[in-house]
Participant: 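Sharing a structure below in structure tokens format, with a few things to ask.
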Amino acid sequence: MHPARGARPCYTSPMNISLPIIQTQIPPDVIDLGLGNPPLSLLPLELIRDAAQVALSQDDNSFLQYGAEQGDGYLRLDMAKFLGGEYGFSVEPESLFITTGISNGLDLLCSLFTQAGDTIFVEEPSYFLALRIFADHQLNVVSIDTDENGLIPASLEEKLAEFRPKFLYVIPTFQNPTGHTLSQERRERLVQLAQKHDFIIAADEVYHLLSYTQQPPKSFAAYTDVENVISLGSFSKILAPGLRLGWIQAHANKINRLVTPGLLDSGGGLNPFTSAIVRGVIESGGLEKNIGKLRNIYRDQVRAMDEALRLHLPDVEYSIPHGGYFFWLRLSKDTDAAELRKRASSFKVDFRQGALFSSQGGLKNYMRLCFVQYEEEKIEEGVRRLKRCLDSAG
Ligand SMILES: Cc1ncc(COP(=O)(O)O)c(C=O)c1O
């Protein structure tokens, strides 16, 4: 178990054996403002049940066979149409490759395009569990500075003078943990630099479709006519993480490489059974509706968290996210959020310390809060507890 994930729940079976079911369970009296998971109450069981019923009551049982290496063709057709509508430019089914989520997509990219000891670039800060995947592949991780508009191209150019990275891992939209979005101008500059210096841009766009108050710039999918650009998407945050389903959009040359690993030779394309269910969710209009519902709920929760922070922690610096899951708080210079977190349990609140997201042991006076897990009153109560915890530091 990764220590940052916390204790796993155990359910006791009739035979008295403890079996974990979900990855992280929050103790009932704790408000965990750190956990970046959707709440169980927003995982759409009925939508999935209806689509599964349709898939399982037809005569075509081909989704029970080993699947095509690139992924379920019907799903790719549906997704191309759906993503085209959301993105505002056309998406070809041939440019899509089905994964079991972004984590799987990143692991595959590491397997296919890197070797142990290679250098990759990440943002500072970056998604801490992606850093774990890169550690599994024994990659040399070099970080690039960011600001309110995302990764800073000048910092990237500086590092490019020193290193030859295999890829740049970037979360361009509503970033984890900062909530910041890479500007259109910088996206274009990054693509130019990737071509000039021959590295891949692995754009993790897990939050791209979760926009609440401002449309983000164009997805990196718009640049996949360039061979170096890869866009990774996922159903985890727009439908349900337990589905383990996502996609990669890329240039034909990259797709041709993605379909060749031994993993797929032996096991076939990824997740054909779930793909058959999710294509029903898309065809019924359920995915679009679900995203609309999430946007409305999360928009209110952003407002609630902002109000609570302004009321209880007026000295803390942050910017209000326009989408995604997170607020990124800057505490006073001498606050060590990891130390603070040790005390948080006695105030029945939790968060994630900034240092988790740093690949250079920095960002000690930052913390990440997530606003999706709780309804508005609980968000306010959580921030109130956080204030008490901070006050106790003296
Ligand atoms: C930035 C980022 N990338 C990837 C993931 C995981 O995505 P998936 O469930 O598709 O593997 C998360 C989940 O929190 C995330 O925040």
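Indexing begins at 1, ligand by ligand and atom by atom, following the structure's order. For the single chain, residues carry numbers from 1 onward in sequence order.
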Participant: Does E157 CD have over 12 foreign heavy atoms under 6.0 Å away?
Facilitator: yes
Participant: Taking 4.0 Å as the limit for heavy-atom contacts, which would you say applies to K237 with ligand 1: side chain only, backbone only, both, or neither?
Facilitator: side chain
Participant: Can you check which of D107, T173, D204 brings a heavy atom nearest to atom 1 (C) of ligand 1?
Facilitator: D204
Participant: Return yes when atom CG of D59 has more than 12 non-hydrogen atoms of other residues, nucleotides or ligands closer than 6.0 Å, and no otherwise.
Facilitator: no
Participant: Taking the six-membered ring for Trp and the full ring for Phe, Tyr or His, determine whether the centres of Y87 and H208 are under 6.0 Å apart.
Facilitator: yes
Participant: With atoms numbered from 1 as shown, which atoms in ligand 1 lie under 4.0 angstrom from a non-hydrogen atom of N176?
Facilitator: 1 (C), 15 (C), 16 (O)
Participant: So, regarding S234 and ligand 1 (criterion: nitrogen or oxygen to nitrogen or oxygen, under 3.5 Å), is there a contact or not?
Facilitator: yes
Participant: Would you mind listing which atoms of ligand 1 come within a distance below 4.0 Å of any non-hydrogen atom of V206?
Facilitator: 1 (C), 2 (C), 3 (N), 15 (C)
Participant: Tell me whether the rings of F174 and Y212 are parallel (<30°), tilted (30 to 60°) or perpendicular (>60°).
Facilitator: parallel
Participant: Ring centres of F134 and Y169 under 6.0 Å apart?
Facilitator: yes
Participant: Could you work out, with side chain to side chain donor-acceptor pair (under 3.5 Å) as the rule, every residue matching T146, not counting sequence neighbours?
Facilitator: none
Participant: Is the Lys NZ or Arg CZ of K159 less than 6.0 Å from the centre of F121's six-membered ring, within 45° of the axis?
Facilitator: no
Participant: Taking non-hydrogen atoms only, is S236 closer than 4.0 angstrom to ligand 1 via side chain, backbone, both or neither?
Facilitator: side chain
Participant: Side chain, backbone, both or neither: which part of Y207 has a heavy atom under 4.0 Å from ligand 1?
Facilitator: side chain
Participant: Do any N/O atoms on G101 end up under 3.5 angstrom from N/O atoms on ligand 1?
Facilitator: no
Participant: Is the shortest distance from a heavy atom of Q175 to ligand 1 less than 4.0 Å?
Facilitator: no
